[in-house]
Amino acid sequence: MYQFEYHRPKTVEEVTALLARCESPKILAGGMTLLATMKQRLAAPSDLIDLQDIPGISGISADAKNVTIGAMTRHADVASSKEVARAIPALAYLAGRIGDPLVRHRGTIGGSIANNDPAADYPAACLGLGASIVTNSREIPADDYFRGMFETALKDKEIILRIVFPIPQNAAYQKFPNPASRYAMVGAFVSRSAAGVRVAVTGAGPGVFRMTAMETALAKTFTPAALDGITAPIGEMLQDMHASGEYRASLIGVMAKRAVASLTG
Amino acid sequence: MTVVAMQVNGKQVSADVEPRTLLVHYIRENLRLTGTHVGCDTSQCGACVVHVDGLAVKSCTVLAVQAAGSKVRTIEGLADGDSLHPVQAAFKEHHGLQCGFCTPGMIMTAVDMLRRIPKPDEATIRQELEGNFCRCTGYHNIVKAIKAASEVL
């Protein structure tokens with residue numbers, strides 16, 4: 001790991017001042033991806049700005065319409081939250097399957113969606129539930145936030161404060177984890193609400209995306225069979241040592257059907 | 001260099017280290033507590049597991065400066081004098097180790113597991129050990145030891 005300066009500011013204003021002043025700063029949340037990347041010398045920030053002392057950006061609250069999760073909330077806290085389990089059990093289920101218990105004690109939801117790894121789980125929940133990402137300057141709908149591999153709508157001095165998830169009628173997440181890393185080879189998040197059906201897919205393409213053909217089919221008939229024959233373009237799938245494009249495209253159907261089946265009992 | 005102070009195994013400690021110093025190196029090289037191991041160094045194997053403010057974490061993927069001001073517990077802080085922690089005693093009794101390299105991490109993860117899930121079944125224990133590798137493939141007795149410890153804790 002290359003040298004860097006470490007900062008632990010106490011307010012969001014101090015964070016933005018540091019972001020303006022430092023040469024090539026990075027924000028440090030749980031560090032579960034960033035520190036690993038720095039150890040491999042794939043990232044060499046001049047400054048790390050640790051958010052752990054900023055008040056008010058971690059924790060979970062719920063009302064009749066939304067579940068709100070602070071950016072610095074750890075995966076383990078989302079997985080074990082009674083409020084999340086009651087309002088959006090699929091979200092607690094998803095959080096409890098990220099990495100391993102030790103990683104879930106450090107990794108944060110804000111860090112996950114700021115990084116936007118194409119195989120991360122939380123982007124599927126954000127897009128699959130139509131969440132809003134609230135930053136220090138605006139509120140970004142998930143549909144506009146995720147911009148492909150490791151790309152987001154975040155600007156340079158923008159910091160995620162919290163994520164607001166509208167509570168659906170019901171929702172389910174199914175993933176086929178890479179057996180070594182537990183990252184999603186393919187994960188499908190399906191939700192039903194007054195606004196309609198959403199199907200968000202992670203792990204399969206260069207970034208999380210919605211399967212609109214599946215959404216249309218499920219809006220008509222909400223059964224696993226309604227998804228028969230609906231496939232994603234193989235040429236747009238990720239291909240790597242873990243799986244071919246064909247395999248990932250096929251897994252989308254399998255995971256989406258499992259998610260729908262779990263909701264239709 | 002920066003002075004990093006924290007509480008380790010109940011004692012206040014401090015050392016002058018670079019910000020890039022990993023918690024595991026702070027523990028091993030500055031404090032000379034070498035029970036915590038470096039296995040893969042890529043947050044996969046779990047040989048480096050310690051507790052930070054009561055939660056089991058992989059200390060190869062935490063900076064020492066991030067843990068400044070925290071309470072850290074390592075494998076050396078588990079036993080009460082000469083009497084082993086019940087999880088340590090169960091690993092000994094059930095031979096939950098072969099070469100022993102993964103053992104400190106396994107035990108720290110197991111203690112954290114039993115705090116959260118006091119009476120886990122075998123499947124739960126195996127799932128909770130996802131982040132700890134034993135390359136001697138001695139999982140069977142590790143699981144047996146954790147189950148036995150859950151019955152006396």
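All figures in this text were calculated on a predicted structure; none of them were measured in a lab. First the proteins, then the strands, lettered A, B, ... as listed; each starts at 1.
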**Fill in**
Rounding to 0.5 Å, atoms OG (B:Ser43) and CZ (A:Arg106) come to a distance of 11.5 Å

**Request:** Report yes if some heavy atom in the side chain of B:Gln66 is under 4.5 Å from a heavy atom in the side chain of A:Leu48; otherwise report no.
**Result:** no

**Prompt:** Is the shortest heavy-atom distance from the side chain of B:Arg116 to the side chain of A:Pro101 under 4.5 Å?
**Reply:** yes

**Asked** Are any of the side-chain heavy atoms of B:Val65 and A:Asp50 separated by less than 4.5 Å?
**Response** no

**Asked** Would the number of heavy atoms belonging to other residues, nucleotides or ligands and lying under 6.0 Å from NZ of A:Lys155 be above 12?
**Response** no

**Asked** Checking B:Val49 against chain A: side chain, backbone, both or neither under 4.5 Å from a heavy atom?
**Response** side chain

**Request:** Please state whether the side chain, the backbone, both or neither of A:Leu34 comes within less than 4.5 Å of a heavy atom of chain B.
**Result:** neither

**Asked** For B:Asp41, is it the side chain, the backbone, both or neither that has a heavy atom under 4.5 Å from a heavy atom of chain A?
**Response** both

**Prompt:** Got B:Val52 and A:His105 here, is their nearest side-chain heavy-atom distance under 4.5 Å?
**Reply:** no

**Residues of residues 1-40 of chain B with any heavy atom under 4.5 Å of a heavy atom in chain A** = B:Glu18, B:Pro19, B:Arg20, B:Leu22

**Request:** Please indicate whether A:Arg258 has more than 12 foreign heavy atoms, meaning atoms of other residues, nucleotides or ligands, lying under 6.0 Å from its CZ.
**Result:** no

**Message:** Does B:Asp80 have more than 12 heavy atoms from other residues, nucleotides or ligands lying within 6.0 Å of its CG?
**Reply:** no

**Most contacts with chain B, counted as non-hydrogen pairs under 4.5 angstrom, among A:Arg74, A:Met1, A:Lys39** = A:Lys39

**Asked** Given that the side chain runs from C-beta out, which part of A:Gln3 has a heavy atom under 4.5 Å from chain B: side chain, backbone, both or neither?
**Response** both

**Message:** Which residue in the set A:Val103, A:Asp100, A:Leu102 passes side-chain contact (heavy atoms from CB on, under 4.5 Å) when paired with B:Glu130?
**Reply:** A:Asp100

**Request:** Find the distance between CZ (A:Arg97) and CD (B:Gln127) and round it off to the nearest 0.5 Å.
**Result:** 6.0 Å

